Amino acid sequence: MVKGSFVVVRPDKVLRDAVVVVEDDRIVDVGKESELKGKYNRYEVIDGKGKVVFPGLVNCHTHAAMTLFRGYADDMVLSEWLTKKIWPIEAHLKPEDVYVGTLLACLEMLKSGTTAFADMYFYMDEAAKAIVESGLRAVISHGMIELGNVEKGEKEIREAERIVKSCQGLGDGRVTTMFGPHAPYTCSPEYLQKVKEIAEKYGVGIHIHLAETKDEVNKVKEAFGIDLKNKGVIEYINELGILDSSVLAAHVVWVSEKEIKILAEKNVKVAHNPVSNLKLASGVAPVPQMLRTGVSVGLATDGAASNNCLDMFEEMKVAAIVHKAYNFDPTVVSASEILEMATTGGAKALLLEKDIGTLEIGKKADIVIVDLKKPRLTPLHNIVSHLVYAAKGDDVCTVIVDGKVLMENHVVKVLDENKVMELAQKTAEDLISRAQT
Ligand SMILES: [Zn+2]
C-alpha cells in the first residue's frame with residue numbers, strides 16, 4: 001500500500017491524503033486514506049507523507065543505448081550530425097555496448113521517474129536484457145534502414161522478426177515489441193508496405209520517425225526519386241496505407257492542417273520530442289493544434305545524443321513553455337495537458353493504455369513518488385503545476401514498476417549505480433577509440 005499526502009490518479013483527479021493499494025503487479029484499490037483505513041490493515045506500507053504519488057512517466061521515443069554518445073557531437077545539423085558523427089561511430093557498436101548503453105539509460109530514467117519507454121535501436125536483444133535487469137517497462141523495436149537495397153532490407157526484416165519472436169513478453173511481460181522502419185527517407189515505399197504487412201501478421205505496432213525536418217520531402221525524393229509535389233510526408237505515408245492506430249510516429253514537426261486531421265482520423269500516436277527538436281533546430285511541432293484536432297500525443301526525450309539527458313520532467317517543462325512562446329499565447333497548452341501527454345499519452349503511444357498511464361484500479365502498479373519538502377516545491381498551491389513547472393528528475397525518491405520497488409528513498413535497489421556508470425564510461429571510451437583507428 002502506497003500512502004501519499006497527494007495521489008494523482010489522473011492529471012484531472014488528485015486526491016488528498018490517499019492510498020494506492022497494490023497486490024502483486026496491479027492496483028487493486030485507490031481512494032482516501034480515511035475511507036480505506038481498516039480495509040487493508042495488514043498490508044506493507046510505503047509512507048508518502050509530505051509527498052506526491054503519481055503515475056510513472058512514459059518516454060515514448062528514445063534510442064536508449066545512445067547514452068554512450070552523450071555530449072559526443074553537439075551543435076550540428078541533423079543530416080551532418082547523423083552522417084558524419086553518429087552513423088560512423090554506430091558502425092563500430094558491438095552488441096554488449098548496446099547492453100551497457102541501455103542499462104545506463106534505464107538507470108537514468110528510473111532515477112527521474114520514467115517507468116516505461118519506447119526504444120528503437122539495434123542489437124535489441126541486448127537492450128531487452130538491460131531492460132529486464134532494470135525492472136523498467138519498454139516497447140522495443142529493431143531500427144530498420146533499407147535505402148532501396150533489397151538484400152539489406154530482407155536482412156533487417158529477419159532481424160526485426162527475430163526480436164519480435166524472442167523478446168515479446170520478456171521480464172514478466174514488461175518487454176513488448178514493434179517493428180521499427182527508421183523513416184520514409186531511409187525505407188522505400190514498397191519496403192514500408194512490406195514491413196507494415198509483417199507487423200500486422202505479428203499483431204504488433206510500427207515505430208517510425210516522421211516529418212522530423214523541413215527538408216524530409218526532398219530527402220524522400222533524393223533517396224527514391226519520388227516527387228511528393230505539394231504533399232507532405234504524412235499524406236505520402238498515409239497513401240501507402242501505413243497509418244493506423246498501431247503506428248507510433250516520432251517528431252511530426254512538419255505537418256499541414258490537412259495532415260493533422262489525417263493523424264486524428266487514423267488515431268496515429270505522435271511522440272513529441274521538444275528538446276531534441278529544439279537542439280537539432282528541426283522546428284516546433286504544432287502540438288496545440290494536434291491536441292485541439294484530437295491527435296493522441298505523448299512526450300519523449302529522443303536519444304541522449306540529441307537531448308542530452310533522459311529527464312521527462314525537463315521535457316514536460318520545455319513542452320509546456322515552448323508552445324506558449326512560439327504561439328505568443330500562454331494559454332495554448334496547460335500543465336494538466338502536459339502531464340497527460342507524459343502519462344496517458346505515452347501509455348497510448350506504447351499501445352499499453354489498458355495497463356499503464358493512470359493509478360486506477362486494475363492498472364499495473366507503475367508508481368512514482370516525489371518528495372515535496374524542497375525549496376523549489378514550496379509553497380504548494382497546485383500539485384500538477386509543481387510536477388510540470390517546478391519539479392526536477394532528482395526530486396523523485398521512490399519508483400515502483402509492476403508492483404516491484406525499484407528505488408526507495410533515492411536508493412536504487414535493482415542496479416549498482418557506480419558499477420553501471422563506470423562500465424558505461426569505459427564502454428564509451430573503447431567505442432570511440434575503435435572508431436578512430
Ligand atoms: Zn529518434
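Numbering of ligands and ligand atoms starts at 1, following listing order. This is a predicted model, so every value here is computed, not measured.
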**OP:** Test His92 against Leu431 for side chain to side chain contact (heavy atoms under 4.5 Å, CB included), laying out the working first.
**Re:** CA-CA 7 Å; His92 292 270; Leu431 174 63; 3.9 Å; yes

Subject >> Rounded to 10 degrees, the angle NE2 of His63 makes with NE2 of His209 at the Zn ion (ligand 1) >> reply: 100°

Original post:
After noting the C-alpha distance and the side-chain angles of His323 and His272, does the key distance pass the ring-ring contact (aromatic ring centres under 6.0 Å, His included) rule?
Top reply: CA-CA 12 Å; His323 299 291; His272 178 40; 5.0 Å; yes

Original post:
Would you say Lys111 has more than 12 foreign heavy atoms packed within less than 6.0 Å of its NZ?
Top reply: no

**OP:** Could you verify whether a donor N or O on one side chain and an acceptor N or O on the other, from Lys363 and Thr358, lie under 3.5 Å apart?
**Re:** yes

**OP:** Among the N/O/S atoms of Asp302, select the one at the shortest distance from the Zn ion (ligand 1) and name it.
**Re:** OD1

Original post:
Any N/O/S of His251 under 2.8 Å from the Zn ion (ligand 1)?
Top reply: no

